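Side chains are part of it too, since the values below use all heavy atoms of this structure and drop only hydrogens, waters and symmetry mates. Letters go in sequence order (proteins before strands), and every chain restarts at 1. Not measured: the values here are computed from a predicted model.
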Amino acid sequence: MALLELKNISKIYGELKALDNVSLHVDKGEWVAIMGPSGSGKSTMMNIIGCMDKPTKGEVLLDGEDISRLPGKRLTDIRRDKIGLIFQQFHMVTYLTAVENVMVSQYYHSMPDEAEALEALGRVGLRERAKHLPSQLSGGEQQRVCVARALINHPELILADEPTGNLDEANENIVLDLFRQLHREGTTLIVVTHDPEVAEAAQRTIVLEHGRVAREVVNEHFVE
Amino acid sequence: MTKRRMFLRMVTASLLRRRSRMLIALLSIGIGATILAGMVTIYYDVPRQMRAQMRSYGANMLLMPAEGETFDSERLSAALQKLPADALVGASPYRYVRLDMTSRQQSFTTAGTDFEEVQKTSPYFSVEGRYPEAPREVLVGKAIAETIGVKEGSDMELTWQPAAKDASGSAEDDRVPGAALSGSAKGFGDAMVYVTATLDDQARIAEIQIDASTQTPEYGGRTAEDALFLKQFIGKALPLEMGNDVDALSGATVTSNAVVEALNTATAADAAKPRTTRYKVTGILVTGGEEEGYVFMSTDDLQALTGEDRLDVAELSISADEEQLNAYAAALTGDGVQARLVKRVTKSETAVLGKLQALVFLVTVVVLILTMICVSTTMMAVVSERRREIGLRKALGASDNSIRGEFLGEGMFLGLLGGVLGAVLGFVFAQVVSVNVFNSSITFQPLLLPATVLVSMLIAAASCLMPIRRAVAIDPAIVLKGE
């Protein structure tokens, strides 16, 4: 069953076609990687999937609902309720502790719950660092806090934008292991990346070029 | 944990953990609130204080007898009862009469007044020497003192002449049973000795009183008090013969003779007679005004001299604004008394205070505007500094209203802290200004604290409007692929 379906979407900025008639189908529980060189339309696609932008043409179905024509306010609601975001630059609120950063996500979603936030930190192995400020955490630790923040509200879809771009190999593996865990639990994952190793961890890789889907690769070595 | 607690946690964390930037905003609100609180305190408190100070420019209300009425100390005190005690700075009664200085063949306007009150209503009076305290002490205006050459410590004799209408009858005719007689004669050193006596139903002396205050106290002066000397007059019929009817007091022959002569020439007491008293000059009055041409004595002394309890006018110094003064004047008028404002004083007072308040008001408004600009600029910088964080919050699902609420919350919290800080510092500031500039301390107005806090919070909120607009406009997509 499709969680996300892009139907012939285009995004046109004046003369420039950032996305040109792209279609994509992601099933519930699937782990998909999106690759492509800069300017291939990765970011635009990410923005549209993340409910932060709308296509010029085409339909975006998330959980069966067409979100491509919804007003900004409704998009915010859908993003909050269904999508967990992970960024390359981590983006933590600098003056809040690790656990408070996780709670911010709860705060906007429903109700802050410190115990639950601590549990989520425990899952990414940072229970002991819960009271630390971002400046006291390493990059890898910060990204793990962001993973905890993304999964705290049990989103249908986790959208990760170059999640390992700023991490060393050890931390990259930790994050990928977390993704594997989430995948096993049935979370749908879409990971935008430059890194072939990260892409190979996914079940399927979509390669974008010049705003079109150039090819699609199914990872045969994928281990469940 | 409730949403509200998380909200407070985020807002306080933002303020407490990002100290430097917030300190600037807090400082600007704090300084604004300080000046606001200080200025408001000055605005309300100093006019009250200055009114008291301005009372040094002299009386601002006059009380006079109404048409065809007479004015006396009783009516004055009855009128003063109608004023609130804390508003009345002082009330000086005045009675003006011409007194002669026989030895110089000159006459001076003499004012009978209450010196204690004069010092309150006319604090600008300057006395070389001291104000009179005991009976028969006078203050002499500088102009007079220079003309007749009296100094502090000099004696001067002043004579009161009754109006010419009292042409008295002869001494014999007035000696009727029950009559009250009074007479005078020259005693030692040609100074006057006064005697009053009442006659019984057989026209014999029933009571006698001697005023020998002009005589040497140890000699002639004793005639007024010596019981044996006084007793020998009782029951005698007039006229008396010295040595036969009565004996002189030893050491006071001249005065004793004067007493007898005064009795023998005494006429009915209700007929006013000239009277002379010797006074001691305790000080020279320097005012630079017309008061320098007057002699001042206590109302009691003047009453003793003229035998009348009368006042011409009372000068009142009242601490109040013009509107209140008019109300007081209306309240005081009546019962044979009329009150009127000294326009010259009240008008200039009102003008000065009005200008001062306008200035304070203007400064306050300017400071508030500057505070708003400063806070607004700081918050603007805060928004640009936190673009990424705002974008993140939006990406995490924050609605525009959440973003507004958070920034407004931070702003109001700053306003609260700044307001409390400002109210306290403002009071100190106002106190310092008040003590250094106006020489008066001020009382803390309890209402000032909530008022300052409220205004600070409103100003902080207003300053946040523009920055909030900018924050709401931030695109959440900036968190993706951010450089």
Side-chain angles (χ1 to χ4, degrees), chain A residues 38 42-44 46-53 72-73 75-97 100-117 133-135 146 149-150 152-153 155 159-162 165 192, chain B residues 1-23 25-26 381-407 409-410 413-414 469 471-483:
Chain A
S38 321
K42 273 191 329 231
S43 298
T44 310
M46 171 101 200
N47 284 353
I48 289 171
I49 297 171
C51 296
M52 291 184 255
D53 206 348
K73 226 174 116 97
L75 280 181
T76 302
D77 293 343
I78 289 170
R79 179 170 65 241
R80 185 181 59 216
D81 293 339
K82 302 201 167 164
I83 300 171
L85 291 165
I86 297 169
F87 318 104
Q88 178 175 10
Q89 320 259 311
F90 326 137
H91 294 305
M92 291 177 71
V93 179
T94 51
Y95 52 84
L96 294 180
T97 61
E100 283 167 345
N101 264 282
V102 176
M103 285 162 74
V104 167
S105 189
Q106 291 177 312
Y107 171 76
Y108 291 122
H109 181 265
S110 47
M111 204 51 90
D113 181 337
E114 192 158 8
E116 207 182 312
L133 287 171
S135 55
C146 292
R149 182 176 65 192
I152 188 75
N153 296 323
L159 187 57
D161 177 25
E162 296 281 8
V192 176
Chain B
M1 177 177 290
T2 62
K3 287 195 94 149
R4 190 181 310 148
R5 277 188 56 197
M6 183 66 193
F7 174 79
L8 289 176
R9 195 159 161 182
M10 290 193 302
V11 166
T12 48
S14 166
L15 297 180
L16 297 178
R17 297 195 188 134
R18 301 171 56 252
R19 283 192 208 101
S20 60
R21 180 65 79 182
M22 283 305 155
L23 223 54
L26 181 64
V382 166
V383 168
S384 355
E385 201 178 73
R386 290 164 71 182
R387 275 176 65 79
R388 243 164 242 298
E389 181 203 322
I390 295 161
L392 169 71
R393 286 178 182 276
K394 293 182 112 181
L396 291 179
S399 64
D400 289 354
N401 279 339
S402 301
I403 300 291
R404 284 189 191 105
E406 279 152 35
F407 272 88
E410 283 187 21
F413 196 78
L414 279 177
R469 239 169 159 186
V472 165
I474 290 173
D475 182 359
I478 62 160
V479 287
L480 301 172
K481 289 279 161 113
E483 306 311 309

Subject >> Ser105(A) side, atom OG; Arg393(B) side, atom CZ - distance, nearest 0.5 Å >> reply: 11.5 Å
**OP:** Over all heavy atoms of both residues, which pair between Ala13(B) and Leu96(A) is shortest? Give the atoms and the distance, please.
**Re:** CB-CD2, 3.5 Å
Subject >> Atom group of Ile78(A) that falls short of 4.5 Å from chain B, counting heavy atoms >> reply: neither
**OP:** Indicate yes or no: does Arg9(B) engage Glu114(A) in a salt bridge with an N to O separation below 4.0 Å.
**Re:** yes
Subject >> Proximal component of Leu85(A), with respect to chain B [non-hydrogen, under 4.5 Å] >> reply: side chain
**OP:** Check whether any side-chain heavy atom of Phe87(A) sits under 4.5 Å from a side-chain heavy atom of Leu392(B), and report yes or no.
**Re:** yes
Original post:
With no hydrogens and no angle check, is any side-chain donor or acceptor of Arg79(A) less than 3.5 Å from a backbone partner on Ala395(B)?
Top reply: yes
Original post:
Hey, what do you get for CD (Glu389(B)) to NE2 (His91(A)), rounding to the nearest 0.5 Å?
Top reply: 11.5 Å
Original post:
Roughly how far apart are Leu396(B) CG and Ile83(A) CD1, rounded to 0.5 Å?
Top reply: 12.0 Å
**OP:** Among Arg80(A), His109(A), Gln106(A), single out the residue with the greatest number of heavy-atom pairs under 4.5 Å to chain B.
**Re:** Arg80(A)
Original post:
Any side-chain heavy atom of Val104(A) sitting closer than 4.5 Å to one from Met6(B)?
Top reply: yes
Subject >> Side chain, backbone, both or neither of Ser14(B) within contact of chain A (heavy atoms, under 4.5 Å) >> reply: both
Subject >> Contact class of Arg386(B) relative to chain A, heavy atoms under 4.5 angstrom >> reply: side chain
Original post:
Where does Thr97(A) contact chain B at under 4.5 Å (heavy atoms): side chain, backbone, both or neither?
Top reply: both
**OP:** Select, from Lys73(A), Arg149(A), Met92(A), the one with the greatest count of heavy-atom pairs under 4.5 Å involving chain B.
**Re:** Arg149(A)
Original post:
What is the distance from atom OH of Tyr107(A) to atom CE of Met10(B), rounded to the nearest 0.5 Å?
Top reply: 4.0 Å
Original post:
Considering only heavy atoms from C-beta outward, does the side chain of Val93(A) approach that of Arg17(B) to under 4.5 Å?
Top reply: no
